Structures are given as structure tokens and as C-alpha cells.
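Since the structure is predicted, the reported quantities are computational estimates derived from the model, not experimental observations.
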Amino acid sequence: DPGNIPWRVGVGVNLCCFVLAQMALYLIAKEICSDKGALCTGLLYGFSAGAISTVLYVRCYMMLTMLALFLIYLDLRFVRTEKRWEKGLCLVGSAVLAVLCYRLHQFGIILFTVITLLFVFYALVKRKKNCLLWMAAGYGIPALVGAGYIIPQLKRLLTDNIAGIFYTSV
């Protein structure tokens, strides 16, 4: 039956995404603090009600969480590395994650944009000009190329989907 997956399959996919999200969260916390802090962060998130519910309810939110955490990790690596090949690899990975976020759920692109803008703000505050130039090239060029497709999709999302929430609840 198209559009309908069995509960066990959905929970299985969510569980795999949860494990990958925990790995991404550990890598993020390890970049920021110690190994102990990274383990505590993983435990706090792993046993939270939000994490458990995103695994048990068959929706796309666990996968979206996993993609967002990997994006944050890639952005952290991007900001902290000086190697050109690693910066390029992070940008390619971020582009793949952007496509996956957008294809998974329309709000994925909004989440992706907010996370990226936070890292742009960080680069501005820390005056990392090289990082900003890489981001401008890595995100700007594909965004200009894809603007003809993305802008109509965002307009449709904002006018049809979000407006429909308010009109159907009245």
C-alpha cells in the first residue's frame, strides 16, 4: 500500500536513524567538550521523552533530527578546519544533506537554512573571512542555480500548507 508503511518497519528505520543521530551528537559534543561530556550529552538526549517518541511514532522527525545533527557536525568541522580538501568535503556533504532534508520534509530546508545562518553568524562574529568566502561559494552558487525550483516550492509551502493549518482549524 503506497504511502503506508508497517509500524515495525517504521520503528526499525527510526531506530537506525536514532543510532546514527546519537553518533552525530557524540561527535558534536566531542568537538565542543571532553569524551565524558559527549557521553553525558548522548545519555541525556537518548533517554529523553522527545527522543523516545520520535523513534516510536512512525513519522519523519527522527530522520530529520539525524540529518540536522550531521549538518551541525559538518558545519563545526567546516569552521574549525584549515584544510581546503576538508572544507570542500564538508560543503559537498552539506549540499547532500540539504537535498535530503528538503526531499524528506518541506520544513527540512527551513531547518537547514536556520542552522546554516547560525554558523554564518558565528563566522561573522569570529571574523573568519576565509570561512565566509567558502560558504558563499559553496552555498551561494548552488542556491542561485536552484532558486528557480526552490522559491516556487517555498511559496507553495507558505501559502498552501501553513495557511491550510489555520484555515482548517477554524
Side-chain angles (χ1 to χ4, degrees), residues 1-83 86-126 128 131 135 138-139 153-154 157-158 161-162 164-166 168-169:
D1 183 19
N4 189 9
I5 59 173
W7 183 80
R8 289 181 183 194
V9 172
V11 170
V13 169
N14 281 347
L15 194 57
C16 290
C17 291
F18 173 76
V19 170
L20 291 171
Q22 284 290 90
M23 291 169 48
L25 185 62
Y26 176 80
L27 292 171
I28 292 166
K30 192 174 175 185
E31 286 278 325
I32 297 170
C33 58
S34 66
D35 282 337
K36 263 187 185 175
L39 285 173
C40 289
T41 303
L43 285 172
L44 283 173
Y45 173 71
F47 289 108
S48 70
I52 293 168
S53 70
T54 55
V55 171
L56 294 179
Y57 294 114
V58 181
R59 305 280 189 277
C60 64
Y61 301 116
M62 189 70 247
M63 194 176 296
L64 204 56
T65 301
M66 176 198 66
L67 294 173
L69 286 171
F70 275 116
L71 175 65
I72 292 169
Y73 175 70
L74 282 177
D75 283 345
L76 268 174
R77 295 292 309 153
F78 177 81
V79 168
R80 292 183 176 201
T81 190
E82 294 299 323
K83 299 174 186 169
E86 198 170 345
K87 282 191 181 293
L89 196 60
C90 288
L91 284 175
V92 168
S94 294
V96 169
L97 287 174
V99 169
L100 290 174
C101 279
Y102 180 72
R103 297 299 301 162
L104 180 64
H105 197 283
Q106 295 95 338
F107 291 115
I109 198 70
I110 295 169
L111 182 64
F112 177 86
T113 303
V114 168
I115 291 169
T116 303
L117 288 176
L118 288 172
F119 277 93
V120 167
F121 181 70
Y122 172 80
L124 285 170
V125 168
K126 294 292 184 176
K128 294 186 175 256
C131 186
M135 281 185 156
Y139 290 129
Q153 294 294 328
L154 284 175
L157 167 72
L158 294 173
N161 296 346
I162 293 177
I165 293 170
F166 296 108
T168 56
S169 65

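For the atom pair CG of L76 and OH of Y122, the computed distance is 8.0 Å after rounding to the nearest 0.5 Å. Here CD1 of I72 is found 9.5 Å from OG1 of T116. Values are rounded to the nearest 0.5 Å. With values rounded to the nearest 0.5 angstrom, Y61 atom OH is found 11.0 Å from S53 atom OG. Separation of atoms CG (L89) and CG (L74) is listed at 8.0 Å; rounding is to 0.5 Å. Between the CZ atom in F70 and the CG atom in L100 there is a gap of 11.5 Å [rounded to 0.5 Å].
C90 has its side chain out of reach of D75: every pair of non-hydrogen atoms, C-beta onward, lies at least 4.5 Å apart. Annotation: side chain of T41 is not in contact with side chain of Y45 (no heavy-atom distance under 4.5 Å).
For the pair L111 and A68, the tightest heavy-atom approach, listed with the atom from each and the gap, is CD2-CB, 3.7 Å. Nearest heavy atom pair, residue I52 against residue G46, reads CG1-O, 4.2 Å.
Scanning for side chain to side chain donor-acceptor pair (under 3.5 Å) contacts around E31 gives R77, with sequence neighbours left out. Partners of T81 by side chain to side chain donor-acceptor pair (under 3.5 Å), not counting sequence neighbours, listed by chain and number: E86.
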Just list the side-chain donor-acceptor pairs under 3.5 Å for residues 12-30, sequence neighbours left out, or say none.
from, atom 1, to, atom 2, distance (Å)
N14, ND2, T54, O, 3.2
N14, ND2, V55, O, 3.2
N14, ND2, Y57, O, 3.1
Q22, NE2, G42, O, 2.9
Y26, OH, D35, OD1, 3.3

